[in-house]
**Student:** 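Dropping the structure in here first, questions after.
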Amino acid sequence: MDCREAGLDASSSAHRLICKSQHAILNSGSRLHLLRRSFAFCVARKTFPQENPFAVMPKMADNRTHLILENYIGGKFVPCSRFIDSYDPSTGEVYCRVPDSDKEEVEAAVKAAQEAFPEWASRSPAERAKVLHKLADLIDAHLEEFAQAESKDQGKTVTFARTVDIPRSAYNFRFFASSVLHHTTDCSQMDHMGCVNYTVRSPVGVAGLISPWNLPLYLLTWKIAPAIAAGNTVVAKPSEMTSVTAWMMCKLLEEAGMPPGVVNIVFGTGPRAGDALVSHPEVPLISFTGSTATARVITEHSAPYCKKLSLELGGKNPAVVFQDADLEECIATTVRSSFSNQGEICLCTSRIFVERSIYPEFLQRFVEAARQLKTGVPTDTGSNNGALISKEHLEKVRGYVKLALAEGGKVHCGEGVDALDLPERYRSGYFMAPTVISGVTDDSRCMQEEIFGPVTCVVPFDGEAEVVRRANGARPVGHRLVAGRGAGPPGGPGTAGGPGLDQLLAHPGPEPAVRGMKCSGIGREGARDSYHFFTEVKTITVKH
């Protein structure tokens, strides 16, 4: 039922209220749902309750109406005439409709961001920080609603969303609100010329931000927070598969004190909304997290405008286990680094190199530990992993397992070996158990290409020089995990420039610089690196 079916005029206050708040999200016990009766009653009476950012406006009995998202442009929710179906990965059912934005919507968002830029950039860092802190507080206040929504939209467990995604999202705003107050600039004396040079950093303008579907709000705020803290305004495009928490965050911006146009969210696909943003001549910088293939397109389409790019891309992350390593710690760590968030994290371990003398024992114990992880209903507190993002992605990940078998590999657990025990309602969901493969060569596609799912390969090695060469043998090399004598100080010969064991014990926060090597990205983000990316340096010379 839409407003016309309910007999509401498009210009009425009732229509505007529906467009602004209809179908919002509420947690009810263990799942999100839509209140059919109250909405139908309000429509029939043409009376509406007081607006609440997370009030419920739910699914109609005839299943024609789902959660409807709107773009957020210039401080207002703006409806779109085209939509994309968004699925609940745990059931395989459509539950949400996301705007299918194009050049027109992107143009409006860029214009709003341009208009807001001068006033926002003129504010002091402390004034901007106050708004970011308030937004972080509001996200924390609605943590459970956000966690339930992120789980339903992405397929991850509510526990993971509640303990990682949403707290880190709030922390991103707090961290960059604080760090922007403490950056220093450079100064150099040239006494022989009677002058002093010093630098200042200024915001660039409108930042185009494109975030992925695996850690939706977490990685969106990882980009928004440093961009606006530095004084830029933004046009952001979340993944069309996981847009709900970005839309929910928009409902908090006004209360946080964010001026209209500073943050604009345009939903849609990469080929339409994403390309329009990347190709827009008035968007001087692009921050993108996603696949290497998409990054190549972004690079090509932004090249005519010489845009500043930050590209965080896929990784084929190795772990190296030497014979003197603490196996109990290594197995617990590598199981977590391989399968957290269903393996859908860019720094998940997907190649494990084990020194040959301990290889049989490690493999046996690793498979046993992987089997202990429960893949199940995301709202079940006993589930370690939930569902993969989509049916297409599930088939892609399964395809790599079939490929490994065809290449002579052996599957020890998971796909094709261990059956999943799921309630009937969830049997059409996109679930896959943690899968361990051995017997593949280094040139196998399973060892060279990012799988981005709960699949890891375990192979033996015979010496440090050999394993460093092999670990660095994949084109996209991201984060490394080293245990045993090769660990040493980060950047030593064993790590070949990657982080050590502690790096993978928890997903890195905004403090360290993050990015991979080779085809795994260009530039760095995090703390000082983000500040430098979202600002331009100017050198000023003073004659004395």
**Student:** Do E105 and R82 sit within salt-bridge range, that is, some charged N less than 4.0 Å from a carboxylate O?
**Tutor:**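 A salt bridge links E105 with R82.
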
**Student:** Could you give me the CA-CA distance, side-chain angles and deciding distance for F461 and F322, then say whether ring-ring contact (aromatic ring centres under 6.0 Å, His included) is met?
**Tutor:** CA-CA 9 Å; F461 72 89; F322 289 91; 5.4 Å; yes

**Student:** Any idea which heavy atoms bring A404 and C446 closest together, and the distance?
**Tutor:**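 Here A404 and C446 meet closest at CB-SG, 3.7 Å.
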
**Student:** At their closest point, which heavy atom of V206 faces which heavy atom of E282, and how far apart are they?
**Tutor:**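 The answer is CB-O, 3.9 Å.
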
**Student:** Salt-bridged, R398 to E415, with N to O below 4.0 Å?
**Tutor:**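 Yes.
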
**Student:** Checking side-chain hydrogen bond (donor to acceptor under 3.5 Å, both in side chains) for the pair E150/T245: CA distance, chi angles, key distance, verdict?
**Tutor:** CA-CA 6 Å; E150 200 75 290; T245 49; 3.0 Å; yes

**Student:** Give a yes or no answer on whether the side chain of N385 reaches the backbone of F339 with a donor-acceptor pair at less than 3.5 Å.
**Tutor:**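 Judged by distance alone, yes, a pair lies under 3.5 Å.
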
**Student:** Could you check whether K391 makes a cation-pi contact with Y87, meaning its NZ or CZ is under 6.0 Å from the centre of the six-membered ring and within 45° of the ring axis?
**Tutor:**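 No cation-pi geometry.
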
**Student:** Is a donor on one side and an acceptor on the other found under 3.5 Å between the side chain of E450 and the backbone of G315?
**Tutor:**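 Side chain of E450 to backbone of G315, a donor-acceptor pair under 3.5 Å: yes, one is there.
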
**Student:** Indicate yes or no for a side-chain donor-acceptor contact from S86 to the backbone of I84 under 3.5 Å, with no hydrogens or angles considered.
**Tutor:**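 No; zero donor-acceptor contacts below 3.5 Å.
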
**Student:** Closest approach of A113 and N264, non-hydrogen atoms and distance?
**Tutor:**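 Smallest heavy-atom distance, with atoms named: CB-ND2, 3.6 Å.
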
**Student:** Going by an N to O cut-off under 4.0 Å, is there a salt bridge joining R445 and E449?
**Tutor:**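 Result for this pair is yes, salt bridge flagged.
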
**Student:** Check this for me, if you would: do E466 and R469 make a salt bridge, where the nitrogen-to-carboxylate-oxygen distance has to be below 4.0 angstrom?
**Tutor:**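 No, no charged N to carboxylate O under 4.0 Å.
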
**Student:** Please check if any side-chain donor atom of Q364 sits under 3.5 Å from a side-chain acceptor atom of H412, or the reverse.
**Tutor:**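 The answer is no; no qualifying pair exists.
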
**Student:** If you measure only the distance, is there a donor-acceptor pair under 3.5 Å linking the side chains of S101 and K237?
**Tutor:**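 S101 vs K237: no donor-acceptor pair found between side chains.
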
**Student:** Within a radius of less than 6.0 Å around NZ of K396, do more than 12 heavy atoms belonging to other residues, nucleotides or ligands occur?
**Tutor:**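 Enclosed: over 12 neighbouring heavy atoms sit under 6.0 Å from NZ of K396.
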
